[in-house]
Amino acid sequence: MTTLTDPAKGAFRPSMLLYDTRYRSLTLQAIAAIVLALCLMYLYSNLADNLRAAGLNISFGFLADTAGYDINQTLIDYNSQSSNLRAAVVGILNTLLVAFLACVTATIFGVLAGVLRLSPNWLVRKLMAFYVEIFRNIPVLIWIIIIFTIMTAVLPAPSAFRGDDPDSSMLFNLAAFTNRGIYIPGPYFTRGFGLEGNGGLNWILVIAVLIGSLIGTRAVTASANAKQEATGVRPKTLWINLAIWFVPIIVVLFALGLQWDIPALRGFNFGGGIQIGGPLIALWFALSIYTGAFIAENVRAGILSVSKGQTEAAAALGLRPRRVMSLVVLPQALRVIVPPLISQYLNITKNSSLAIAVGYADITATLGGITLNQTGRAIECVLLLMLFYLIISLLISAFMNVYNNSMKLKER
Amino acid sequence: MTEAVKTPAQMAVSDEVAISIQNMNKWFGSFHVLRDIDLTVNRGERIVICGPSGSGKSTLIRCINALEEHQKGSIEVDGTLLSSDLKNIDKIRSEVGMCFQHFNLFPHLTILENCTLAPIWVRKTPKKEAVETAMHFLEKVKIPDQADKYPGQLSGGQQQRVAIARSLCMRPRIMLFDEPTSALDPEMIKEVLDTMIELAEEGMTMLCVTHEMGFARQVANRVIFMDQGQIVEQNEPEEFFNNPQSPRTQLFLSQILGH
C-alpha cells in the first residue's frame with residue numbers, strides 16, 4: 001500500500017514558473033497579456049501621432065450636424081435636414097428590419113428544406129438537395145444582385161400602369177408590383193386615439209389585444225394539459241384557439257374603424273399604402289434563401305443526430321410518427337440545431353451590410369457610407385459601426401445561449 | 001440465482017397461440033435475410049433464439065412488432081394479422097413490448113417520464129395513474145429511487161432495467177428482447193437477467209435473442225437455433241444443449257460453450 005501525503009513544500013524556484021503545472025498557465029497568461037497591452041499601446045500612439053500630424057482629432061460632434069442627404073426607405077421621419085445621428089438611427093432600424101425579416105424567413109425555408117431533404121419521396125429529396133447546393137455555393141452578394149436585377153428587369157415601371165389600356169395592372173386592384181418596389185394596402189384608423197399623429201395609441205391597443213390573445217391561448221394549452229393529466233384525454237383546442245386569436249382582434253379593428261389605404265398612381269409613381277422598396281425585397285429574399293440553405297443542413301444534421309434507436313424505441317411503444325417527432329426526436333435534435341443556428345442569425349445580421357450593393361440604406365450605407373464620406377470622420381464612423389454590429393451580435397448570441405442552456409441534456 | 005426458480009417444465013404454458021408466423025420471408029434489397037420461417041409461440045412460452053451474427057435472429061423478432069417489414073408470408077400476433085394497416089400495427093405494438101441492446105432510453109426525459117410517456121400519449125392514461133404504474137414497475141426492477149434522474153446518470157444495467165420497466169408500463173402480453181445483455185459489463189448482466197427471470201416466473205410470453213446460455217437453460221421452454229436466415233433446430237433446452245442434432249448447431253455450441 002502506498003499512502004498519499006501532501007507533497008513536500010520545497011522552496012520556490014524561478015524555474016517553477018515555467019515547469020510547474022501550478023504556475024505554468026498563469027505565467028503564460030501573464031506574458032500574453034503584457035504582449036497584447038504593448039500592441040494596443042503601440043497602435044494607439046501610432047494613431048494619435050498620425051492624427052496630430054494630419055491636424056485631425058477624434059470627435060463625435062459631427063453626429064449633430066445636418067446630414068444633407070435623402071434616404072429612400074425610412075421607418076421613422078427623416079429628411080435631408082435631419083442630423084447625421086438621425087440618419088444613423090434610420091440606418092440602424094433598416095438593418096434591424098431586414099435582419100429580423102431575413103432571420104424569420106430563413107428559418108422557415110431552412111426547416112422546411114431540412115425536413116423535406118429527409119423525405120422518403122425521391123423527387124422532393126433531390127429538389128431540396130438541389131436547392132441547398134445551388135444556394136449555399138454561390139456568394140450571397142451575387143444572389144442579392146441577381147434578384148435585384150431580375151426585379152428591375154422583369155417587373156414593369158409605374159408608367160406601364162397608366163392609360164386606358166395599360167400594359168400592366170394591379171393584383172386584384174390592391175397591390176402593384178413595379179420595378180421600384182411593391183406597393184400594398186396600408187391600414188389606418190378612422191376612430192380611436194391619437195389620430196393626429198399616425199394612430200400610435202391605436203397600434204399599441206392592437207398589440208395589447210394580440211398579447212392578450214397569446215396569454216389566452218397559453219391558458220387554453222395549460223388547461224388542456226391539466227385535463228390530460230386528470231383524465232388522460234387531451235381536449236381538442238384548435239377551434240377555441242382560433243377563436244381566441246381572431247374574434248377579439250376583429251372586434252377591436254372594427255371598433256377603431258380600420259380602413260385600408262390602397263396604393264394608386266399619383267404622378268410618375270404610386271402613392272399611398274405601404275411601399276416595400278425593391279432593394280429591401282432583393283436583400284431580404286437573397287439573405288433568406290442563401291442562409292436558409294445553411295439552416296436546412298443544420299436541421300438535417302440535427303434530425304440525423306438522433307439515433308435510429310430512439311425512433312424505434314418510441315415506435316415499439318406504440319407512438320405514431322407525428323408524436324415520435326414531436327416528443328422524442330425534435331427535443332433532442334434542437335440541441336444540435338440551435339448552436340449553429342446562432343451563427344446563421346449572426347451571419348444574416350452581418351451579411352445585411354451588403355445592402356449597399358443594391359442601395360438599401362442600412363447602417364453601413366448611411367453612417368459608414370454617405371456620412372463618412374461627407375464628414376471625413378472615418379475613424380469615428382467605423383468605430384461606431386463596429387460597436388453597433390458587436391452589440392447586436394452579442395445580444396443575439398446571449399439570447400440564443402440562454403435558450404440553448406435550457407435545452408441541455410443532463411448527464412452525471 | 002434464487003432457489004425459488006422453477007424448472008421450465010413447471011411453469012405453465014397454455015394452448016392459446018400468442019404468435020403465429022407462417023412461411024415468412026424477408027429481403028434487405030437482394031439479400032435474403034429470412035427464409036421460410038414457421039414459428040408458433042403459445043401464451044406463457046419463453047423462447048430463446050440464438051445463432052451466429054448475421055443469422056437473422058434480431059430481424060425475426062423485429063418483424064414481429066413491425067419495426068421491419070416482411071415481404072412474404074404471414075405474422076399473426078394475438079389473432080391480429082400484421083399487415084401494412086396502421087390500425088393493426090398500432091394494436092400489435094400496444095400488446096408487444098420490446099427491449100433493445102442499447103436500451104434506447106430517451107435521454108431528454110427523466111426515468112419516470114420515460115416510463116409514463118407512452119401510457120399518457122398512446123393509452124391516454126391520466127398522469128396520476130401513469131405515474132403510479134410507472135413507480136410500481138420501477139419498484140419491480142428495483143430502482144424506484146432513481147425515478148427523477150436522467151438516463152445519462154444511470155449505469156448500463158440500471159438503464160436496461162428501466163427499459164424493461166418502460167415496456168411493462170404499457171402492460172404488454174408479449175415481451176421481445178433483442179440481445180438485452182450484450183452491451184453490459186459482466187457484473188451488470190446478472191441484475192438484468194434476474195429481472196427477466198422474475199418476469200418469466202410471472203408467466204410473461206417472452207422471445208429473447210441472447211447468448212446467455214445459462215439463462216436459456218434456466219428459463220426457456222424452447223431454444224431456437226438460426227443460421228443463414230433459417231430456423232435450423234429447435235428443442236427443449238436440455239435436449240438442445242446435450243444432444244444437438246444438426247452439425248451446424250453442434251459447431252456453434254462447441255464454439256460458445258467451449259471457452
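Residue numbering restarts at 1 for every chain, and letters A, B, ... go by the order of the sequence lines.
Within a 6.0 Å sphere centred on OH of A:Tyr389, other residues, nucleotides and ligands contribute more than 12 heavy atoms. More than 12 heavy atoms of other residues, nucleotides or ligands sit less than 6.0 Å from atom OH of A:Tyr23. Residue-environment remark: CD1 (A:Ile342) exceeds the threshold of 12 foreign heavy atoms within 6.0 Å. Residue B:Lys127 places its NZ atom among 12 or fewer non-hydrogen atoms of other residues, nucleotides or ligands, all under 6.0 Å distant. Under a cut-off of 6.0 angstrom, the local environment of CZ in B:Phe28 is crowded, with over 12 non-hydrogen atoms contributed by other residues, nucleotides or ligands. Heavy atoms from other residues, nucleotides or ligands lying under 6.0 Å from CD of B:Glu132 number more than 12.
When each of B:Arg62, B:His102, B:Lys128, B:Glu129 is scored by its heavy-atom pairs under 4.5 Å with chain A, the top score falls to B:Arg62. The most heavy-atom pairs under 4.5 Å with chain B, out of A:Ala315, A:Ser307, A:Ala314, come from A:Ala315. Here B:Arg166 is the residue among B:Arg166, B:Met98, B:Gln101 with the most heavy-atom pairs under 4.5 Å with chain A. Between chain A and the options B:Asp90, B:Thr110, B:Thr125, B:Ile120, heavy-atom pairs under 4.5 Å are most frequent for B:Asp90.
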Query raised in the report: Could you go step by step and tell me if A:Arg320 and B:Leu86 meet the side-chain contact (heavy atoms from CB on, under 4.5 Å) rule?
Result: CA-CA 9 Å; A:Arg320 281 286 183 84; B:Leu86 268 180; 4.1 Å; yes

Report task. Take A:Leu319 and B:Leu117 through the side-chain contact (heavy atoms from CB on, under 4.5 Å) test and state the conclusion after the steps. Result -> CA-CA 9 Å; A:Leu319 289 164; B:Leu117 186 76; 3.8 Å; yes

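Considering CZ of A:Arg322 and CH2 of B:Trp121, their distance stands at 9.0 Å, rounded to 0.5 Å.
Counting all heavy atoms, side chain and backbone alike, A:Ala316 lies closest to B:Phe100 at CB-CZ, 4.1 Å.
Contacts between B:Ser94 and chain A at a heavy-atom distance below 4.5 Å are absent for every atom of the residue. Only the backbone of B:Leu105 comes within less than 4.5 Å of a heavy atom of chain A; no side-chain atom from C-beta onward does. For a residue to count as touching a neighbouring chain, one of its non-hydrogen atoms must lie under 4.5 Å from one of that chain's; by this rule B:Leu67 touches chain A with the side chain only. Contact annotation for B:Val131: neither backbone nor side-chain heavy atoms come within less than 4.5 Å of a heavy atom of chain A.
In this structure a side-chain-to-backbone donor-acceptor pair under 3.5 Å is present from B:His108 to A:Leu327. The main-chain N or O of A:Gly309 is found under 3.5 Å from a side-chain atom of B:Asn104 such that the two form a donor-acceptor pair. No donor-acceptor pair under 3.5 Å is formed between the side chain of A:Gln332 and the backbone N or O of B:Phe106.
Under the 4.5 Å side-chain criterion, counting only non-hydrogen atoms from C-beta, B:Val122 is not in contact with A:Leu317. Between A:Gln310 and B:Pro107, some side-chain heavy-atom pair lies under the 4.5 Å cut-off.
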